[in-house]
Amino acid sequence: MNLEQLVQSAVQEFAGVASLPEHEQLKAQYFGKTGSVTRLMASLAQCDPAERKVLGQQYNQVKQAVEKIVNERKTALEDQVLKSRLAAEAIDVSLPGRGMQKGGIHPITRSWERLVNIFSSMGFSVAEGPEIETDWFNFTALNSPENHPARSMQDTFYLDAKDELGKPLLLRTHTSPMQIRFAKNNPPPIRVIAPGRTYRVDSDATHSPMFHQIEGLWIDKNISFADLKGVYLHFVQAFFAPQAIQIRFRPSYFPFTEPSAEIDILFQEGNLKGRWLEISGAGQVHTSVIRNMGLDPETYTGFAFGSGIERLTMLRYGVDDLRLFYENDLRFLSQFST
Ligand code: PHE
């Protein structure tokens with residue numbers, strides 16, 4: 001084997017190696033058990049002693065020269081790997097900092113708090129109830145027995161788990177079950193609001209499968225529709241202030257109120273001016289519901305209403321797509337933080 005050639009081929013071959021694993025393989029062809037340098041050194045064993053001395057020196061030089069080539073190439077490849085990793089992980093220290101973003105209160109939470117403040121100022125207490133309800137509280141106790149057509153307007157999500165009557169548990173379709181829950185644990189006079197999350201199989205620009213409602217309930221002796229009108233008018237005027245608001249009651253139907261109404265509001269100014277907008281269901285609490293509360297309808301009467309918090313919020317701020325509330329886009333949300 002020509003020694004000069006051996007060194008030259010090492011120079012060429014290692015120059016062509018592009019990665020550390022390739023380098024490792026090629027190195028074995030020189031220094032592995034049957035590698036060319038290894039075989040060269042082993043051949044010394046066959047030489048006679050005089051020759052061995054001279055050749056040994058030469059071969060050693062060749063070995064060292066190849067080792068140098070191998071090591072230099074390895075260092076160069078390692079440098080390359082490090083450089084590209086540093087480039088990939090580079091931090092541009094000249095970029096402006098991200099700063100500390102100040103959080104804000106979500107518009108729905110803002111409305112929720114506003115509602116609580118307004119109704120508290122009128123002497124209402126605040127209660128919250130479970131989002132997972134029984135069929136009884138969500139429907140039957142509210143005068144909507146099984147197969148009642150009003151149920152089909154409130155299709156919801158059912159759980160595999162069943163209640164003690166063997167009915168599947170469900171996600172409440174409205175906050176009205178809180179009427180019964182609260183009244184069963186709190187004797188009259190009852191004056192309460194129950195804000196919370198509600199669920200229906202519904203999804204478009206103005207409906208979301210999860211939304212928020214606020215239930216209002218006032219039960220006492222001699223509480224009438226006139227009280228509902230006074231309370232609700234005061235509420236919307238305080239909620240939409242400083243915008244001036246008018247309200248009207250339109251006859252409607254709910255199984256748990258009699259008579260029932262939809263409440264519409266009218267803005268006196270702004271771009272919603274002149275259009276009646278529906279914002280609430282309401283009515284005198286039905287005698288069967290009063291009975292399911294454990295109360296005597298001959299003694300106690302009162303009203304209930306249920307309003308959508310998203311709808312109130314959309315009207316207050318002029319938001320036209322309810323899905324914006326749930327997309328967590330900071331460009332939208334930051335408009336509500338102060
Ligand atoms: N629960 C009714 C709904 O979600 C609203 C309502 C509440 C109507 C209280 C009357 C009284 O549509």
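Atoms within each ligand, like the ligands themselves, are counted from 1 in listed order.
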- [ ] Could you tell me whether A282 approaches ligand 1 through its side chain, its backbone, both or neither, with non-hydrogen atoms closer than 4.0 Å?
- [x] backbone
Open item on the list: With heavy-atom distances below 4.0 Å as the criterion, list the atoms of ligand 1 near Q213.
Closed with: 3 (C), 4 (O)
Task: Short N-O contact, R73 and E22, less than 4.0 angstrom - done: no
Open item on the list: Within the 4.0 Å heavy-atom shell around G281, which atoms of ligand 1 are there?
Closed with: 6 (C), 8 (C), 10 (C)
- [ ] Quick one: do S9 and Y30 satisfy side-chain hydrogen bond (donor to acceptor under 3.5 Å, both in side chains)? Show the steps, please.
- [x] CA-CA 10 Å; S9 77; Y30 286 83; 3.1 Å; yes
TODO: May I ask you to decide if F254's main-chain N or O and S260's side chain share a donor-acceptor pair within less than 3.5 Å?
DONE: yes
Open item on the list: Is it the case that ligand 1 has an N or O less than 3.5 angstrom from some N or O of Q179?
Closed with: no
Open item on the list: Can you name the atoms of ligand 1, numbered from 1 with element, that are less than 4.0 Å from a heavy atom of F256?
Closed with: 1 (N), 2 (C), 6 (C), 7 (C), 8 (C), 9 (C), 10 (C), 11 (C)
TODO: Establish, yes or no, whether the cationic atom of R181 lies under 6.0 Å from the six-membered ring centre of F137 and within 45° of the ring axis.
DONE: yes
Open item on the list: Can you report which non-hydrogen protein atom sits closest to atom 7 (C) of ligand 1, along with the distance?
Closed with: G306 N, 3.2 Å
TODO: Just say parallel, tilted or perpendicular for the rings of W112 and H212, cut-offs at 30° and 60°.
DONE: perpendicular
Open item on the list: Below the 3.5 angstrom mark, is there an N/O of H174, backbone or side chain, next to an N/O of ligand 1?
Closed with: yes
- [ ] Considering heavy atoms of the protein only, find what lies nearest to atom 3 (C) of ligand 1 and give residue, atom and distance to 0.1 Å.
- [x] R200 NH2, 3.7 Å
TODO: Could you tell me whether the side chain of T198 and the main chain of F211 form a donor-acceptor pair under 3.5 Å?
DONE: yes
